[in-house]
2 protein chains.
Amino acid sequence: MATRRKLVGPKAATTPQATGPVTLEMVAAEAKVSPSTVSRILNGTAKVRESKMRAVRAAISKLQFAPNPVARSLARGRSSSIGVVIQTIDSPFYGEALAAIEKTLFRAGYSVLFLSGHWREDDERRCVDHLLARRVEGIILVTSCLPDEELVRLAKKIPIVLTGRSIEAERSYSMDADATPGARLATEYLIGQGHRKIAFIAGPENHPDSQQRLAGYKAALAAAKIPYSVKLVAPGDYSDGGGHQAMTRLLDAKAEFTAVFAANDQSAYGAMLALHRRGLRVPHDISIVGFDDLPTSSYIIPPLTTVHRSINALGEAAAEAMIDLLDGRVPVSKLSSATLAIRESTRSVRG
Amino acid sequence: MATRRKLVGPKAATTPQATGPVTLEMVAAEAKVSPSTVSRILNGTAKVRESKMRAVRAAISKLQFAPNPVARSLARGRSSSIGVVIQTIDSPFYGEALAAIEKTLFRAGYSVLFLSGHWREDDERRCVDHLLARRVEGIILVTSCLPDEELVRLAKKIPIVLTGRSIEAERSYSMDADATPGARLATEYLIGQGHRKIAFIAGPENHPDSQQRLAGYKAALAAAKIPYSVKLVAPGDYSDGGGHQAMTRLLDAKAEFTAVFAANDQSAYGAMLALHRRGLRVPHDISIVGFDDLPTSSYIIPPLTTVHRSINALGEAAAEAMIDLLDGRVPVSKLSSATLAIRESTRSVRG
DNA sequence: TTTCCGTTGGAAAGCGCTTTCAAAAGTAGC
DNA sequence: GCTACTTTTGAAAGCGCTTTCCAACGGAAA
């Protein structure tokens, strides 16, 4: 029977001192209405007499009441928060997307939980479990590395939106921004500039996205009837260091090429440095194009020609798709295609 | 009284079908013990007979039970989550710190809510309010721009840890990694290399951190008895573009200098590009040193000499300080001091 | 065997809100 | 002025856990 944890006596409501956070009940008491009425006003779930309305509003602002979202979540069975799994929260590439996701979701009244999966299956799985445990209402997976079946299974439990992947499942939305056309565009540009010997610095071998970039490169080559040579392809890992190593390897192997297409900008940076170390000049001796258009890419020397995809738009679209999913609508894709930001790291070698 | 929302009959426990998420009560029923016992086992809050222990564990794994953190938060009055307010979530500089915060806090069992304040008072205030409403247990403010009084007031309500700022308040911890020594170090290095005319590209004028960088520059100059000249100081804003503009302005003003100290690496990138555009070579004609040591700084051309402070350590320390605060301990500072990463953007102009 | 004391474990209250249900209060209509 | 509806409102149950309180239990001392 004892009233646990009630730190103040029965006259609590009349004692406005250190009673901790203000509760809805206190507002009700202050406004002399029932808690239900306060709740109804808060949520607009029913019509309430104008006079009470005012009284409650007054009480709310007088007591500085703010509803406890935890209690609300529990009662409603919904948490108003959604989870985002990303490779790493400090990804230079996805950063902008995160910002857009945060902004869009925040506006729509959701809290966002960002978690880093480090592009490792088990880490990512742990993130997802954590998010499920936290009862998020949906999960956005930015280029997940989880197997398809698992994602499909996940989609059965909770709405998910995927970027850089594509699965078939209810209550899910895949935004597979296929990188192939972009990669092809870059390679074609190089070809158009008269280059015939074009090296390629690849990304992580097992990742679909990086495979698409390679595919685009090959496609452009094939279309121009330029034979594809494995000697001109160096493995990288999307990092500056990887690009540096790849270029070094290419150079050491005495591969012949007049241009390089790097699977992403960071690799391009590294490659450029390697070139520089060997006394080769960009674009005079070697042309180079990147992929991603990182913010700094217009400021490095020389400013990098690179494939641009609005990553901000990607984030926004992902967030909007999630909102659509949650509201029971079917998201519509509105991703713009890749363009080439032509800057100063490439030159024509024709006539 | 009607039992609301109870979708299945009284024999619910025996019907293992689509009953939605598994609850502690279901586990209790399955293990034939009371909910209290399950809770005690879950939290280790009391000794429980070995046999029941086993039964409960079995039930848990059989039903795949995971406690609902929302309910738990409500009951405990604690949310096990902490908020982080950052300039922007895609900050190239703080990114690493965020990653460290996430990792450290996650390990300690907390969820992290990242919010972007955009270095604007009202945005930041809104973030803080949101976090308070969400009942986070503590807030980490990464170089907040809120006025001191406000932070002090905030600290009264909730434990906070501050980076790049310093306030006096209970249950708060300031990690004011003063930038002055680092800036001084950079400038002194340049002086040591024989430079006497050293330009400075400043950061945002009103920010304490950027003022410290200027102060360090001035201090080094003074110590070497080199007169300080406003003509050699160009306003910037910590962005690549700002650095580019600043350098352009310096050059247009025909300022004479043989070295530049940029308030941060991004400004340095921009400045280098401006130099390059004018045909000036780094470090042959002009030496340049940056501040922050961004990941790409070792890969740009030429690799940038810059002030290095472990931003990863900063994040880790911030997270640990928060944990200390929450556990009622007094955090102890363990920030290492700034070092200079000497690379290839500077050269000696002596003898 | 009885008494006393330290363990275990269950019943139930409570966290702060939402929502159902039914009673109270208005509004018409006759 | 009274019946028959249609709002508006309050009481109370419930969301899924934690935690207090106390009864039951088991073993040691008597």
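Every chain is numbered from 1, with letters handed out A, B, ... down the list of sequences.
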Nucleotide [N], atom [atom2] - distance to [atom1] of [X] in whole Å:
| X | N | atom1 | atom2 | result |
| --- | --- | --- | --- | --- |
| B/Arg72 | C/dC17 | CZ | C1' | 20 Å |
| A/Met26 | C/dG16 | CE | C1' | 12 Å |
| A/Arg78 | C/dC17 | CZ | P | 16 Å |
| B/Asn43 | D/dT19 | CG | P | 7 Å |
| A/Leu24 | C/dT19 | CG | P | 12 Å |
| B/Leu63 | D/dG16 | CG | C1' | 15 Å |
| A/Leu74 | C/dT18 | CG | P | 11 Å |
| B/Glu25 | C/dG10 | CD | P | 13 Å |

Just wondering, do [Y] and [X] contact through their side chains at under 4.5 Å, heavy atoms?
| X | Y | answer |
| --- | --- | --- |
| A/Asn68 | A/Arg72 | no |
| A/Pro21 | B/Arg135 | yes |
| B/Arg125 | B/Glu150 | yes |

Once you round to the nearest 0.5 Å, how far does OG1 of A/Thr143 lie from CD1 of A/Ile86? 6.0 Å
Would you say the side-chain atoms of B/Ser111 and A/Arg134 include a donor-acceptor pair closer than 3.5 Å? yes
Distance-only polar pair, side chains of B/Ser81 and B/Glu137, donor-acceptor under 3.5 Å: no
Between the protein and nucleotides 6-9 of chain D, which nitrogen or oxygen pairs are less than 3.5 angstrom apart?
{"residue": "D/dT8", "atom": "O3'", "partner": "A/Arg49", "partner atom": "NH2", "Å": "3.2"}
{"residue": "D/dT9", "atom": "OP1", "partner": "A/Arg49", "partner atom": "NE", "Å": "3.3"}
{"residue": "D/dT9", "atom": "OP2", "partner": "A/Arg49", "partner atom": "N", "Å": "2.9"}

Categorize A/Ser39 for me: base, sugar-phosphate, or nothing, with a 4.0 angstrom heavy-atom threshold over every strand shown. base
Which part of the nucleic acid, if any, lies within contact of A/Pro69, taking any heavy atom under 4.0 Å across all strands shown: a base, the sugar-phosphate backbone alone, or nothing? nothing
Please state whether the phosphate of D/dC15, meaning OP1 or OP2, lies under 4.0 angstrom from any side-chain nitrogen or oxygen of A/Arg76. no
Taking only the side-chain nitrogens and oxygens of A/Asn68, find out if one of them lies under 4.0 Å from OP1 or OP2 of C/dC15. no
Regarding the side chain of A/Ser36, the nearest nucleotide among D/dT18, D/dA11, C/dT18 is D/dA11
Worked check of side chain to side chain contact (heavy atoms under 4.5 Å, CB included) between A/Leu326 and A/Tyr110: CA-CA 11 Å; A/Leu326 291 173; A/Tyr110 291 95; 3.5 Å; yes
